[in-house]
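Quick caveat: nothing in here was measured; it's all calculated off a predicted structure. Below, chains carry the letters A, B, ... as their sequence lines are ordered, and counting in each starts from 1. The figures that follow rest on heavy atoms only: side chains count, while hydrogens, waters and symmetry mates do not.
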2 protein chains.
Amino acid sequence: MVEAEIYRALGDPTRLTIVRRLAAGAPATIGELSKNLGISRQGARKQLQVLVSANVVHLVPKGRETQVVLDPATLQQAREFISGLEFQWDQRLEALKAFVEGDSEA
Amino acid sequence: MVEAEIYRALGDPTRLTIVRRLAAGAPATIGELSKNLGISRQGARKQLQVLVSANVVHLVPKGRETQVVLDPATLQQAREFISGLEFQWDQRLEALKAFVEGDSEA
DNA sequence: CAAACATGCAACCAAAAAGTTGCACGTTTA
DNA sequence: TAAACGTGCAACTTTTTGGTTGCATGTTTG
């Protein structure tokens, strides 16, 4: 069961920016990621925590700084769930089309 | 540019339930979709509006009732954006792996 | 036409979210 | 070891969100 939590985590401009930067290979310590988001470091940290709670990201403490790492499995899960919706939907359209075109053709 | 709005729309249990039902081929009038969500019809309508604003769904008025239809293009966009993130991330890991294993091998 | 139906809309409320400030604390490094 | 650095955490404020109730309005149908 895919949780709405995953999408909720991605559903905020600040958090999506963070995820984009991580995927693009940006620095990756909490401090670095917190820069240029237009909010305070503590504010950014709270957003980061939302991503952590949704397992979109996880934290790896190293000495005095903490590395932020993307969790590809969660992204995959989110993507596959959407694929599933699309698949079901397509099937419905196919069925409808067949019906309209004359399912019971001579 | 993919908007966080799409994910925000999916990021709520009630709204995700609505989307799931639509994809699965459930009835599809506002009234039908509003049932069994554990909230009032008006409450459900507000959630539906969020999906409409994010283009996850669109409404087709027919007489006194209104049909709710999934917008597959939006789902596709959401899925492809995630694919893009995964792709970038994979590339980074590949590059890192190559480097660690000895990029400059004799 | 009147009743039943499907829906829209605004006002209001409580809870959650987004962000801030202030301060504490372990880790490097000069 | 003192200062600088990277972080964590709690208290607080302001918006946003999720939900409700009440009522108005167009649409079918008996």
task = Flag the pair B:R45 / B:Q49 as yes when at least one side-chain heavy-atom distance between them is below 4.5 Å, and no otherwise.
result = yes
task = Please determine which of A:L48, A:L33, A:I30 meets the side chain to side chain contact (heavy atoms under 4.5 Å, CB included) test together with A:T66.
result = A:I30
request  = Report the residue from B:L75, B:D71, B:L70 that forms a side chain to side chain contact (heavy atoms under 4.5 Å, CB included) with A:W89.
outcome  = B:L70
query = Would B:V69 and B:V57 satisfy side chain to side chain contact (heavy atoms under 4.5 Å, CB included), going step by step from the backbone distance to the final call?
reply = CA-CA 5 Å; B:V69 189; B:V57 131; over 6 Å; no
inquiry  = Test of understanding: with side-chain hydrogen bond (donor to acceptor under 3.5 Å, both in side chains), list the residues that count as partners of B:R79, not counting sequence neighbours.
reply    = A:E86
Value in whole Å for how far the C1' atom of D:dC9 lies from CD1 of A:I30 = 13 Å
task = Walk me through it: do B:Q88 and B:R92 pass the test side chain to side chain donor-acceptor pair (under 3.5 Å)?
result = CA-CA 6 Å; B:Q88 285 188 90; B:R92 280 208 70 213; over 6 Å; no
task = Calculate the interatomic distance between B:L51 atom CG and D:dG18 atom P; express it in whole Å.
result = 10 Å
Electrostatic pair B:K62:B:E65 at N-O distance under 4.0 angstrom = no
ask   = What's the CD-C1' distance between A:Q49 and C:dA16, to the nearest Å?
value = 16 Å
remark   = Per-helix bend value, the helix from C:dC1-D:dG30 to C:dA30-D:dT1, C1' rotation axes over five pairs per end, 10° rounding, shows 20°
inquiry  = Main chain of A:R8, side chain of A:R15: is a donor-acceptor contact present, judged purely on distance under 3.5 Å?
reply    = yes
remark   = Between CG of B:L37 and P of D:dG19 the distance, given in whole Å, is 9 Å
ask   = Taking protein heavy atoms under 4.0 Å as touching, what does nucleotides 17-30 of chain C look like 5' to 3' if B marks base contact, S marks sugar-phosphate-only contact and - marks none?
value = -BBBBBB---BS--
ask   = So does A:R45 get a side-chain nitrogen or oxygen closer than 4.0 Å to the phosphate oxygens (OP1/OP2) of D:dG8?
value = yes
